[in-house]
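Taking it in order: structure first as structure tokens, then the write-up.
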Amino acid sequence: MLISANTYTFAGSTGISRMAQITSIESLVLKSVQEIVLKLYQTQVEETALQIQETRKEFEGDLTVVVFPLLKYSRKTAEATATDLGNALLSSCPIVEKFNVIKGFLNLVIGREFWAGFLQESAFDGTFGTTGISETSPTVMIEYSSPNTNKPLHLGHIRNNLLGYSLSQILSANGNRVIKVNLVNDRGIHICKSMLAWKLFGNGETPASSGKKGDHLVGDYYVRFDQEYKKEMETLSHQGMSAEDAARKAPLMLQAQEMLRLWEARDPEVLQLWTTMNGWVYQGFETTYRELGVSFDHIYYESQTYLSGKQIVAEGLEKGIFEKRPDGSVWCDLTGDGLDEKLLLRSDGTSVYMTQDIGTACQRFAQYPIDRHIYVVGNEQNYHFQVLTLILGKLGYAWARNIQHMSYGMVELPSGKMKSREGTVVDADDLIEEMVQTARDMAQELGKLDGYTPEQARRIYDIIGKGALKYFILKVDPRKNMMFDPRESIDFNGNTGPFVQYSYARIRSVLRKSAEAGISAETGNQVPGDTARLLNDKELSLTKMLYRYPRVVREAGNTLSPALLANYVYELAKEYNQFYHDFPILKEADQDIRALRLALSEYTASVIESAMSLMGIEVPERM
RNA sequence: GGUCCCGUAGCUCAGUUGGAUAGAGCAACAGCCUUCUAAGCUGUGGGUCGUGGGUUCGAUUCCCGCCGGGAUCACCA
């Protein structure tokens, strides 16, 4: 459809050349093998039946053809088959320089000319590895963040936001038109709880009067409600009431429910309070979003969309897709799909979470030409999204199949699970500040930024602290639960964001010095004509790693996994650091070799910057 | 109880559509700064891939059972 699986553009938008549009070496070899098998064994094999993979490090070669599946056609031993194939490839496939056979594995060495050509023809300018938008680019809506307005954001939200933003970047880089949306849950009983507590115990406190960040202030009253509510329940049970009754009949709970009724009846006083307190929260959220570097193209509020699902449910009821019970509640029977029955409207006619999501989905697909809709929501809601798509399908919406739940795992702490009410959450703002603080302490201890103005230094602490946090979270496979150990997250060595950033900063330093010395323009580094001859082993393996980048970007898009980029960029930085350690760059006497190393350095920096930006991580010029 | 997810080094994690002797980081120990940033580089030790079967040329990967952990099945969102 959009891009064929095996091709991509070497050069950016400009450099059209003989190699500008080339097929990857894998598909090239694949085709050759197909032809050879047809010729030698008179058999037409499917591409999927052929196995070509990257050669493992401990063997010589770049690509490996696994010949076991071909033995039934060749009717020879694995070694003989592999050797036949190898010889045939040598003559038919010019990029194959030599081969070796170990057991049933045919290891192919790709010639140096190919790698040199790759370096010469590619535009390492930030577009490398990415696919631009075209006429036929699909539109992808991606919902993430989706906070409640009764408490500040915590570590769990951070994972959601970082994933959501990174996925938008990755999908954009894969030639999609991405629309980032946020659905703010700004109404409901939990919102009323903090409103009520503020009204009863707040004494008119405002963010301005107390100096508190708005979302934190409101969150404090949410906690306060819970404390006071518990006290009431205790009193009631001392008076002989059952725990269940106490929970239901505590005055605070009744008052909160009354407040929700008034809100739905658009009581002016309640609406006023609601508008004011939500306003505080939004200001707080805005700050946190800005600090995290995430953004949205459109923000939906549940207060504006929660009614829209009711109409659709009513229509479904008429068509007999749903059923009404004697008490007036409306249900969807999913027992035929192996699930339970699902409530869609309460007996009092009010809507539930599912009703709202049905409504917003319909609204969005009507409003935008969406080809695909991704919800970045925790795996605790797997059931919800399974039901949502099923119901939309039953309602006859063909686009229901274009809905995808990007289900990510929970963040756990060494102390166990995070629970808002028990105060065991890691607050988002606190965490960000701590990481930036740590970056500062460490930089000062190492004397890294001597000579920088305080503003410049602060900017860099910011980049490093946030880089550490983002990388720590994004490097884990999003589908899996992850452990967040604060002590470990603050480590800036090894497989961490700062390690990658440091590698970048060091390259930039070399490039600055080379520009100062007039050796080359900072962006004008080009590999020399006889690169194929000059490349040493380390430079060659660095080149091969750069070559892999476009594939990694695609794979990250296909699997919706920023972790692939993190793993890749870490490997790349490690590879470069070894090269940097082992070979002089500016001090290299041979001008051609020096030019080659400068170019490789610049290309590496460019790919690091690109990969990191797809994760929403900035890189510093110095650190 | 039904459905679903997870189990890889002491800890945190990688491990491509099934492929060769299962890899990193942290932690521990030992080296490398008169040379482009040592937030770096190099080396050592560390594993019955939870467990028992099955599928096949080959299983950490696919299927089944069991053990252990988690999520969910609300007139909460």
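Every chain is numbered from 1, with letters handed out A, B, ... down the list of sequences. The shown structure was predicted, so the numbers you read here are calculated from the model rather than taken from an experiment.
Across all strands shown, A:F583 has heavy atoms under 4.0 Å from base atoms, whether or not it also approaches the sugar-phosphate. Counting any heavy atom pair closer than 4.0 Å across all strands shown, A:N577 reaches sugar-phosphate atoms only and no base atom. Contact annotation for A:K574: backbone-only contact, meaning every heavy-atom pair under 4.0 Å involves sugar-phosphate atoms and none involves a base. Using a 4.0 Å heavy-atom criterion, one finds that A:L71 contacts no nucleic acid atom at all. Among the atoms of the strands shown, base atoms are found under 4.0 Å from some heavy atom of A:Y502.
Residue ring and nucleobase are stacked for A:F59 and B:rA20, with a centre distance beneath 5.5 angstrom and an angle between planes beneath 30°. Both stacking criteria are satisfied for A:F68 over the base of B:rG19: a centre-to-centre distance under 5.5 angstrom and an angle between ring planes under 30 degrees.
Of the candidate nucleotides B:rA39, B:rC13, B:rU37, B:rU37 has the atom lying nearest to any side-chain atom of A:K513. Taking the side chain of A:I102 as heavy atoms from C-beta on, and the options B:rC13, B:rA20, B:rA77, the nearest nucleotide is B:rA20. Each of B:rU37, B:rC36, B:rU72 was ranked by its minimum atom distance to the side chain of A:P584; first place goes to B:rC36.
Nucleotide B:rC4 forms a pair with B:rG70, judged by Watson-Crick or G-U wobble geometry with both contacts under 3.5 Å.
Between B:rG19 and B:rU61, the two C1' atoms lie 11 Å apart (nearest whole Å).
Geometrically, A:R506 engages A:Y580 in a cation-pi contact defined by less than 6.0 Å to the ring centre and at most 45° from the axis.
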